[in-house]
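Here is the structure we will look at.
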Amino acid sequence: MNIILLGPPGCGKGTQAKKISERYGLAHVSAGDLLRKAVAEKTGLGLKAKEYMDKGKLAPDELVIGLMKEKLSDNVLLDGFPRNLNQAAMLKNFFDVNAVLNIDVDFRILVKRLTGRRSCSCGTVYHVEYNPPEKENVCNKCGSRLYQRDDDRKEVVVKRLETYKKETAPLIEYYRENNKLKIVDGNGSIDETFRKICEILNNI
Ligand code: AMP
């Protein structure tokens, strides 16, 4: 089973992707995580991508597609890819998708979720209000200090949401026309959203 997770920044793609991949035994392939790894390792690709990420823009297609191609096999959950129509058209050539889940969240909620998000280098994600760590700014799992992603700052968040509307939202129609689209209401809690996703995936 191959699944694509669509939705605006802050809709909970990363959080749900971790839960889905565990429950259904899928490999979680996150474009954003792969790019952040390249940035942290200061590879040529990473340095180039960072220029775009810091501005809330999409990294160039050829760069992201190259990175993703290596990771695609069967039983994959794609998170954050494709992010525009060109990437979707490319993906179609080498990846059969069973369902595309679009996690739908109110725009005002997205800004709050993104600016309050705190991340840990071990991959665990918190929110200052909705899902705080036991000790302020310290990861429950590994004890490392939490940080705010550069692109979770308010000015970049606004830009990322604009980029989403312009470039990524058209994918909703694209996959609807391909009869792959499933809409999930992601305004509720993490567990509520996950339950809705499982109802869909259990019927595929
Ligand atoms: P994310 O972690 O999914 O929110 O992605 C963080 C940032 O990485 C985005 O704002 C983009 O700058 C970049 N990025 C992630 N996925 C893609 C993609 N499929 N195409 C281009 N840029 C991407």
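Whatever order the structure lists them in is the order used to number ligands and atoms, beginning at 1. The model shown is predicted, which means the values in this text are computed figures rather than measured ones. Note: hydrogens, waters and symmetry copies are ignored here, and every other heavy atom, side chains too, is used.
Judged as a side-chain contact (heavy atoms from CB on, under 4.5 Å), and not counting sequence neighbours, the contacts of V156 are D151, R153, R160.
You'll find the side chain of Y147 stays beyond 4.5 Å of the side chain of N137, heavy atoms only. Within the 4.5 Å cutoff, the side chain of L146 has heavy atoms near those of the C139 side chain.
Taking the centre and axis of the six-membered ring of Y175, the NZ or CZ atom of K180 falls outside the cone set by 45° and 6.0 Å.
More than 12 heavy atoms of other residues, nucleotides or ligands shown are found within 6.0 angstrom of NZ on K18.
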Fill in: salt bridge (charged side-chain N to carboxylate O under 4.0 Å, His left out) assessment of R117 paired with D152
CA-CA 7 Å; R117 177 158 70 180; D152 281 345; 2.8 Å; yes
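Within 4.0 Å of ligand 1, counting heavy atoms only, the contacting residues are A31, G32, L35, R36, M53, K57, L58, A59, V64, G80, F81, R83, Q87, R149, D151, R160.
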